[in-house]
**Q** 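This is the structure, below, for whatever I ask next.
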Amino acid sequence: MSNSNKIQPRTLKGFRDFLPDAAIARESLMDTAREVYRSYGFVPIDTPVLEYLEVLTGKGGEESDKQMYRFQDGGGRDVGMRFDLTVPFARFCAQHIGQLGTPFKRYHIAPVWRAENTQRGRYREFMQCDFDTIGTESLNSDVETLLVIHDLFLALGFEGFQIRINNRKVLSGLLERLGLADKATPVLRAIDKLDKIGPEKVAEELTRSAGTTDEQNERVLALTSLQGERDQMLDELQKLVAGSETGELGVQELRGVLQMAKAAGVPDSRVRLDVSIARGLDYYTGTIFETFLDELPSIGSVCSGGRYDNLAEVYTKQRLPGVGASLGVDRLLAAMEELGRVDKRTSIADVFVPLFAADRMENYLGLCADLRKAGLRVELYPEAKKLGAQLKYADRRGFPLAVVVGDDEWEAQEAQIKLLASGETRKVPIKDLATALREALASLPA
RNA sequence: GUGGGUAUAGCUCAGUUGGUUAGAGCGCCGGUUUGUGGUACCGGAGGUCGGGGGUUCGAAUCCCCUUACCCACCCCA
């Protein structure tokens with residue numbers, strides 16, 4: 001077949017291949033998230049990629065319906081690919097919460113699909129890492145959500161990040177007082193842009209999309225533009241929503257969450273009360289979170305979430321309040337890539353064993369098997385090439401350690417451990433090799 | 001979905017007003033005498049210039065279409 005007859009190998013817009021370095025980075029990020037979630041007792045679940053279309057549509061607002069991949073399956077059923085993990089979770093809860101009992105805490109790490117235009121850190125297929133606590137209205141769960149986010153970013157190696165927090169009730173309270181309760185969606189969307197386009201433009205948009213008066217705009221902006229010291233802000237907010245039961249409750253909740261987070265050891269510098277964050281998604285009703293990296297705020301929020309009153313109301317009569325958040329794995333990865341924080345390792349094993357003495361294959365196989373039994377990840381080179389070439393391979397793949405055993409060493413029942421970063425070597429008896437390797441690994445810089 | 005930009009080797013990019021066999025750096029493979037990689041030196045492979053069509057004696061270079069990526073809007077992880 002001539003070259004021009006070949007099918008062009010290519011991927012769809014917004015869909016990507018992952019080469020080992022990217023796949024290793026992504027998996028290790030997900031492993032970290034998994035460990036943090038588990039450390040708080042969240043349990044894993046999974047749901048299907050495809051759902052009946054009626055299960056998915058009309059849940060996240062118009063925009064998500066537009067961006068959903070949908071088609072008819074072979075049996076003529078209208079189906080959709082999940083757009084996020086929250087809506088399938090709502091269906092899941094409506095179906096199974098009776099067996100699970102409440103409160104129920106789950107995490108779910110899986111890809112989702114959105115047919116929107118791509119951009120830096122925005123793809124059509126991307127991984128989300130959600131965790132939610134459902135079946136409780138306790139503010140303690142809101143605090144726990146914040147603590148999980150905080151632990152998560154620390155575990156991922158970030159020091160400089162900021163969790164912005166707000167409460168929808170504060171905004172709702174104000175809207176109620178201004179007689180704008182039915183315009184909540186356009187108003188919140190406009191407010192969400194405050195950081196980006198400034199107060200004048202927000203006012204314009206408010207008037208245009210929600211038909212607000214100048215006075216209403218002023219009141220909205222007075223509230224959302226609040227800045228400064230936290231307790232002062234809370235006091236100001238209190239005044240601005242005074243008279244609205246919802247609003248006052250919202251301020252009280254904010255105060256509570258912030259206070260407990262502080263008591264739990266989250267430094268003030270990493271939690272910012274930001275009255276301008278609103279979140280586009282319709283289902284949030286209480287606390288809302290967004291997380292920004294200090295080094296790259298422009299990539300947007302890398303972990304967002306909040307509290308919702310009634311997740312599964314369209315599927316069941318049972319009321320299921322909850323709170324949770326979603327880590328944007330691929331967006332975070334794009335950010336880390338840009339910041340040069342992605343490990344370029346293309347090997348996953350810790351120990352490289354060159355096939356040095358070609359006629360001792362059985363010895364090498366036995367040695368590797370023993371090391372693996374001892375819990376090490378070991379790669380044996382498949383060909384008896386020149387030692388230098390084999391070490392070069394190991395070096396390029398980023399192996400931390402090599403174990404060189406040639407005829408002399410086999411005779412003496414010794415092995416040479418080589419630290420590939422420094423070139424330093426040392427000899428140990430083969431019977432002590434596993435222990436020595438573990439020690440060597442432990443003493444390496446992370 | 002709308003508007004703007006970009007597309008040349010695996011990667012980052014040169015390529016003069018359209019003119020012969022399209023270049024560099026890095027990377028990759030091999031070598032610098034047989035048991036030690038990352039540096040140095042030598043050599044090599046690799047591109048129908050994103051794809052298709054058109055203008056021209058002649059197109060990487062000009063025009064049209066298409067696809068992907070980047071930026072903005074929108075929305076959001």
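Convention: sequence-line order gives letters A, B, ...; per-chain numbering from 1. Just the heavy atoms: all of them, side chains too, but no hydrogens, waters or symmetry mates, feed the values below.
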**Q** Is B/U33 paired to anything, Watson-Crick or G-U wobble with both distances less than 3.5 Å, and if yes, which nucleotide?
**A**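 Its partner is none (no Watson-Crick or G-U wobble pair with both distances under 3.5 Å).
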**Q** Rounding to the closest angstrom, what is the interatomic distance between B/G52 and B/U48 at atom P?
**A**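 Between the two P atoms, the distance is 11 Å.
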**Q** Locate the shortest heavy-atom distance separating A/Thr133 from A/Ser141; write the atom from each residue and the value.
**A**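 Nearest heavy atoms, A/Thr133 then A/Ser141: CG2-OG, 3.7 Å.
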**Q** Take A/Phe71 and A/Val79 through the test side-chain contact (heavy atoms from CB on, under 4.5 Å) and record every step on the way to the result.
**A** CA-CA 6 Å; A/Phe71 52 92; A/Val79 299; 3.5 Å; yes
**Q** How far does the P atom of B/C26 sit from the matching atom of B/U33, given to the nearest Å?
**A**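 The answer is 23 Å between these two P atoms.
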**Q** Measure the distance from CZ on A/Arg82 to C1' on B/A77 and round it to the nearest whole Å.
**A**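 For the pair A/Arg82 CZ and B/A77 C1', the rounded distance is 14 Å.
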**Q** For A/Glu424, answer base if it contacts any base atom (sugar-phosphate contacts may also be present), sugar-phosphate if it contacts only those atoms, and nothing otherwise; contact means non-hydrogen atoms under 4.0 Å.
**A**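 Here A/Glu424 touches no strand at all.
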**Q** To the nearest angstrom, how far is A/Leu19 atom CG from B/C28 atom P?
**A**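 Result: 15 Å.
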**Q** Which base sits across from B/U55 as a Watson-Crick or G-U pair, both distances under 3.5 Å?
**A**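 WC or wobble partner does not exist here.
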**Q** In the strands shown, is B/A72 matched to any nucleotide by a Watson-Crick or G-U wobble pair with both distances under 3.5 Å, and which?
**A**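 By the stated definition (distances under 3.5 Å), B/U2 pairs with B/A72.
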**Q** Between B/G31 and B/G38, how far apart are the P atoms? Round to whole Å, please.
**A**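 Pairwise P distance, B/G38 against B/G31, rounds to 13 Å.
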**Q** Is the phosphate of B/U36, meaning OP1 or OP2, less than 4.0 Å from a side-chain N or O of A/Lys386?
**A**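 Negative; the distance criterion is not met.
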**Q** Do the rings of A/Tyr284 and A/Tyr308 sit parallel, tilted or perpendicular, given the 30° and 60° boundaries?
**A**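 Correct class here is tilted.
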**Q** Once you round it to whole Å, what is the distance between P of B/C69 and CG of A/Asp17?
**A**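 After rounding, the reported distance stands at 12 Å.
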**Q** Using atom CZ of A/Phe352 as one end and atom C1' of B/U36 as the other, report the distance to the nearest whole Å.
**A**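 Whole-Å distance recorded here is 11 Å.
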**Q** Can you tell me how far P of B/A77 sits from CZ of A/Phe161, to the nearest Å?
**A**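 Checked: the CZ to P distance equals 19 Å.
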**Q** Ignoring hydrogens and angles, answer whether the base of B/A77 and the side-chain atoms of A/Glu290 contain a donor-acceptor pair closer than 3.5 Å.
**A**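 Such a pair does not exist between side chain and base.
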**Q** As a test of reading the structure: which of B/U36, B/A77, B/G37 is closest to the side chain of A/Leu420, going by heavy atoms?
**A**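 Nearest nucleotide to the side chain: B/G37.
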**Q** Mind checking if A/Thr291 touches a base, just sugar-phosphate, or nothing, with heavy atoms under 4.0 Å?
**A**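 No contact.
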**Q** Can you find a side chain N or O atom of A/Arg120 that sits less than 4.0 Å from OP1 or OP2 on B/C71?
**A**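 Checking A/Arg120 against B/C71: at least one side-chain N or O falls below 4.0 Å of OP1 or OP2.
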**Q** Could you identify the nucleotide paired to B/G44, looking across every strand shown and requiring Watson-Crick or G-U wobble geometry with both distances under 3.5 Å?
**A**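 The answer is B/C28, by the H-bond criterion.
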**Q** Can we say A/Glu204 and A/Lys193 salt-bridge, meaning some charged N sits less than 4.0 Å from an Asp/Glu carboxylate O?
**A**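 No.
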**Q** In terms of the angle between their ring planes, are A/Tyr37 and A/Phe131 parallel, tilted or perpendicular, with boundaries placed at 30° and 60°?
**A**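 Plane angle between 30° and 60°, so tilted.
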**Q** Could you verify whether a donor N or O on one side chain and an acceptor N or O on the other, from A/Asp132 and A/Thr86, lie under 3.5 Å apart?
**A**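 Absent: no donor and acceptor within the cut-off.
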**Q** Can you tell me how far C1' in B/G15 sits from the matching atom in B/A22, rounded to whole Å?
**A**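 After rounding to an integer number of Å, I get 8 Å for this pair.
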**Q** Quantified in whole Å, what is the C1' atom distance between nucleotide B/U67 and nucleotide B/G53?
**A**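 Roughly 15 Å separates the two C1' atoms.
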**Q** Roughly how many Å is it from CG in A/Asp132 to C1' in B/A77, rounded to a whole number?
**A**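 From A/Asp132 CG to B/A77 C1': 14 Å.
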**Q** For RNA chain B, find the residues of residues 387-395 of chain A with a heavy-atom distance under 4.0 Å and give them by number; none if there aren't any.
**A**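 Result for residues 387-395 of chain A: A/Leu387, A/Gly388, A/Leu391, A/Lys392, A/Asp395, sorted by number.
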**Q** Whole angstroms only, please: what is the CD-P distance between A/Glu116 and B/A72?
**A**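 Those two atoms, CD and P, are 14 Å apart.
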**Q** Could you pick out which residue, A/Lys385 or A/Leu327, lies toward the 5' side of RNA chain B when each is mapped onto its nearest nucleotide?
**A**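 Closer to the 5' end of RNA chain B: A/Lys385.
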**Q** Considering only B/G1, B/G37, B/G35, which nucleotide approaches the side chain of A/Asn117 most closely?
**A**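 In terms of side-chain proximity for A/Asn117, the closest of B/G1, B/G37, B/G35 is B/G1.
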**Q** Between A/Arg26 (CZ) and B/A77 (C1'), how many Å, whole number?
**A**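 Interatomic distance, CZ of A/Arg26 to C1' of B/A77: 13 Å.
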**Q** Across all strands, who's sitting opposite B/U39 as a Watson-Crick or G-U wobble pair, both distances under 3.5 Å?
**A**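 WC or wobble partner does not exist here.
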**Q** Checking salt bridge (charged side-chain N to carboxylate O under 4.0 Å, His left out) between A/Asp330 and each of A/Arg26, A/Arg120, A/Arg122, which is the one that passes?
**A**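 By the salt bridge (charged side-chain N to carboxylate O under 4.0 Å, His left out) criterion, A/Asp330 pairs with just one of A/Arg26, A/Arg120, A/Arg122: A/Arg26.
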**Q** Please name the pair of heavy atoms, one in A/Ala203 and one in A/Asn217, separated by the smallest distance, quoted to 0.1 Å.
**A**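 The pair with the smallest heavy-atom distance is O-ND2, 3.3 Å.
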**Q** Between A/Phe15 and A/Glu205, name the one whose nearest nucleotide on RNA chain B is closer to the 5' end.
**A**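 Counting from the 5' end, the first nearest nucleotide belongs to A/Phe15.
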**Q** Could you work out the separation of B/G27 and B/U16 based on their C1' atoms and round it to a whole Å?
**A**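 Each nucleotide's C1' atom is 29 Å from the other's.
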**Q** Which of parallel (below 30°), tilted (30 to 60°) and perpendicular (above 60°) describes A/Phe161 and A/His150?
**A**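 Ring orientation, 0 to 90° scale: tilted.
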**Q** Can you find a side chain N or O atom of A/Thr118 that sits less than 4.0 Å from OP1 or OP2 on B/C70?
**A**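 For B/C70, OP1/OP2 do have a side-chain N/O of A/Thr118 under 4.0 Å.
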**Q** Using a distance-only criterion (donor-acceptor N/O pair, under 3.5 Å, no hydrogens), is the base of B/A77 paired with the side chain of A/Arg114?
**A**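 Indeed there is one.
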**Q** Looking only at N and O atoms, is any donor in the side chain of A/Arg331 or the base of B/C76 less than 3.5 Å from an acceptor on the other one?
**A**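 Indeed there is one.
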**Q** Who does B/A22 pair with, Watson-Crick or G-U, both distances under 3.5 Å?
**A**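 Across all strands, not a single nucleotide pairs with B/A22.
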**Q** Check whether any side-chain nitrogen or oxygen of A/Arg396 sits under 4.0 Å from OP1 or OP2 of B/C28, and answer yes or no.
**A**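 Indeed, a polar side-chain atom of A/Arg396 lies that close.
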**Q** Can you check whether A/Phe356 reaches A/Tyr381 side chain to side chain, under 4.5 Å on heavy atoms?
**A**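 Heavy-atom side-chain distance check fails, nothing below 4.5 Å.
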**Q** Counting any heavy atom closer than 4.0 Å, what does A/Gly398 reach on the DNA or RNA strands: base, sugar-phosphate only, or nothing?
**A**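 No contact.
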**Q** Any side-chain N or O of A/Lys193 under 4.0 Å from OP1/OP2 of B/C75?
**A**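 It does, given that an N or O in the side chain of A/Lys193 lies less than 4.0 Å from OP1 or OP2 of B/C75.
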**Q** Can you tell which of B/C75, B/C73, B/A77 lies closest to the side chain of A/Gln119?
**A**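 Of all the options, the side chain of A/Gln119 is nearest to B/C73.
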**Q** Relative to each other, are the rings of A/Phe352 and A/Tyr393 parallel, tilted or perpendicular (30° and 60° limits)?
**A**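 Ring orientation, 0 to 90° scale: tilted.
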**Q** In whole Å, what separates the P atom of B/U32 from that of B/A68?
**A**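 About 48 Å, rounded to a whole number of Å.
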**Q** Write down the distance separating the C1' atoms in B/A59 and B/C64, rounded off to the nearest Å.
**A**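 It comes out at 15 Å once rounded to the nearest Å.
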**Q** Base, sugar-phosphate or nothing for A/Val302? Non-hydrogen atoms, less than 4.0 Å.
**A**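 Sugar-phosphate, backbone atoms only, no base.
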